[in-house]
Amino acid sequence: MKISKLLVLALTVIFMISCDSNEGTEIDVPSSYEFTRNGETTVSFTGQTTRIQMATELVGAITDFDNSTEELLLQMYRNQDANGGDVDPYSSADLNAATKNVKSKVAASTDYFSSNTTISAEIKDQFETWLINQVQDVYPNENTAAAQGKPGQIADGSSTRYVNGKGFEYNQLVAKSLIGSLMADQILNNYLSVSVLDAGTNREDNTSTTLAEDSNYTNMEHKWDEAYGYLYGNADDLANPLPTVGDADRFLNNYLGSVEEDEDFSGISQETFDAFKLGRAAIVAGEYDVRDEQAQIIRENLSTVIAVRAVYYLQSGKNALDQSTPDYGAAFHDLSEAYGFIFSLQFTRVPNSGSPYLTKTDVDGFLSQLEDGNGLWDVTPETLDNITNDIAAQFDFTIEEAAN
Amino acid sequence: MKRIALILLTALVISGCTENGPSGPNVDDFDREAILNNWADNIIIPSFSNLAESSSTLQTDAEFFVENPTPQTLQELRNSWKTTYLEFQKVSMFQIGKAMEVRYRDNMNIYPTDTTEIKENVQTGDYNLTLPSLNNSQGFPALDFLLNGLGDNDTEILTYYTTNTNADGYRAYLTDLTSRIDSLTNEVLADWTSGYRDEFVSNSGNGANSSLDMMVNDYIFYYEKHLRAGKIGIPAGVFSGSTLKGHVEAYYSDPFSKELFITALNATQDFFNGKHFDSSDSGESLHSYLNYLKTMREGMDLTVAINNQFNAARDEAEVLDASLARQVESDNSKMLATYDKLQINVVYLKVDMLQALNINVDYTDADGD
């Protein structure tokens, strides 16, 4: 009985989908992410590329014990000094010349944070606390062995990891938390949002092809491209980023690539790219419903990437701990990554809703379970399983699919 | 509509049944404890005992050398380094129990060694060899550099232990390294002989935490990462695209890398066959277990296929230069041919054998970040 109902439902859905494409004007979808007007490109997302590169340098500098200081790390995060003055903290001259910065775009989406500035500031400052703690607590202990309550180094296979007194690696916390708070938040809750795409006179301007000042694009086109840029902005071939998905950066692109490699999720990369492409083409054609449908696909897929990696690292961390000789080093590394992906879950977006898959309250609850007491030194496999279950329950994948 | 659902269900049920056909002998009917016994008493403990004797001689010779640094004592020390390094190849795969806890292999044999860090350590005299970040500046590869790589010839090398402004530092560092090799080896051996042996043998069930599952995983991990990749694949550029001759084992020594590889290859094959240490006898093993289960691969006994493949890899390696670094430079295709032969056995061991023994792989490729 139940099955026949499902079948009806499935058929109805298929019917509805097939009806969809028969209406409206034709949308001209290019094979790559290339859009032009009067022979010139209309695509621009240099600011996103810049921020990905700034974040990359920042994350690398966190474990550069010989050269980094608290001041330098904070400057790399803010791209200004404590008095707001211009600074040149990066190794790349282009980045030093840029006026963009990472910090101002952390937890800064219109949908989630425009009227939630207290939380926004709290999250922005969280990163500074991690950077400061790294220099104050971990740096002095570079050459001591880590132990409960004692920062220092610990072996993970043939790698050496540097952890705080609770076993967390600050570089992993920063890197993996930026995936949600910078990349996902800007894409899912800002640039793909109706509130941003249709802000002001954007929709009329786009329909009438009124271009933004001194530009070859409409504001709406540009907003969509900026979303694209946070995912693909550091790819070798910016218009054809699919073949190198996973290699463009160590942030969201990297983990979209990882999830794509898991055969339970293969196709997610193509589907995401296609949605970006179709959505952009729909803007050119003035097909705003199609545009918004693509935004929902991207929201679901990129949210899923974050959740899959959270589950993956929770489970591999659990397996490293749950053996007769626990492999603390391997577990701490996995669970530090898990921490960042869990942190990132609060920036996910359930399609056709205004909410994340897991709220900030949920996330803070999970994180405090990891940090409790001696932190990762005494977290139990049961706790890790419970968090895993709570996360997976909000998504359409099983723990097995994500963990393998 | 209901009928379609019924047909679908029936099809599902039917396809679900086909997996459960009658099968051969049950994996649980074999006496796994007999394998563990043979491994512990006839292979693992004798191999570590033998290594401990060598490492003790190495330590004595190093102490003698630093007191009397001459061309002759240098040569003697090199010889005992070689003997000990070869004996180490026979235990490197046993990263279980205490060896796992102290990360024995990582302390003994990470190469290429970090020569800058070694010199820094000697310079400052301020180093803690128990730190993971110093794993790559100790063990056999660091000794290789200290005994063979400091200068172009023996006279030049000897100056580091005689007239060099840091001669005291070099002498101390050398004996600190040999002493650590000796003490870690004895620590692992003592654990086997004072209780762990019984624990290991009696943990004869199945499941992820049983001795057999853990040892087999350690064995295959070693075969895949350290024998196949470390000794052959990485220098041959299989993973990097271009060759890396500086990544061969014992890079600074007179040609020695091939002998280390062959010794390790033989040890992994002997372990598979349950062959006793330094003897032609053999006992219960993965080989006898698989034969009991009558495991076949493409019409051939899996055990025959695996042994054929070990032999094929050794045959392929016969033609390699005694120095794998030279081989990489002169004709890397022969290195790649050896690698290919080794790779085939990864599949036989990791897929066919594990499936037959109902053992899950407990490690994954690290994602590199």
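Reminder, nothing fancy here: chain letters follow the sequence lines and each chain counts from 1. These figures come from a predicted structure and were not determined experimentally.
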Approximate separation, where rounding is to 0.5 Å, of [X] [atom1] and [Y] [atom2]:
{"X": "B/Asn135", "Y": "A/Thr160", "atom1": "CG", "atom2": "OG1", "result": "6.0 Å"}
{"X": "A/Asn143", "Y": "B/Leu131", "atom1": "CG", "atom2": "CG", "result": "6.0 Å"}
{"X": "A/Thr325", "Y": "B/Ile96", "atom1": "OG1", "atom2": "CD1", "result": "8.5 Å"}
{"X": "B/Met100", "Y": "A/Asp327", "atom1": "CE", "atom2": "CG", "result": "5.5 Å"}

- [ ] Counting only heavy atoms closer than 4.5 Å, note whether B/Ile110 contacts chain A via side chain, backbone, both or neither.
- [x] side chain
Open item on the list: Looking only at heavy atoms and a cut-off of under 4.5 Å, which of A/Ala175, A/Ser324, A/Gly157, A/Ala320 has the most pairs with chain B?
Closed with: A/Gly157
Open item on the list: Are more than 12 heavy atoms, taken from residues, nucleotides or ligands other than B/Lys245, located less than 6.0 Å from that residue's NZ atom?
Closed with: no
Task: Enclosure of B/Gln355 CD (heavy-atom neighbours >12, cutoff 6.0 Å) - done: no
Task: Structural part of A/Asp334 lying under 4.5 Å from a heavy atom of chain B - done: neither
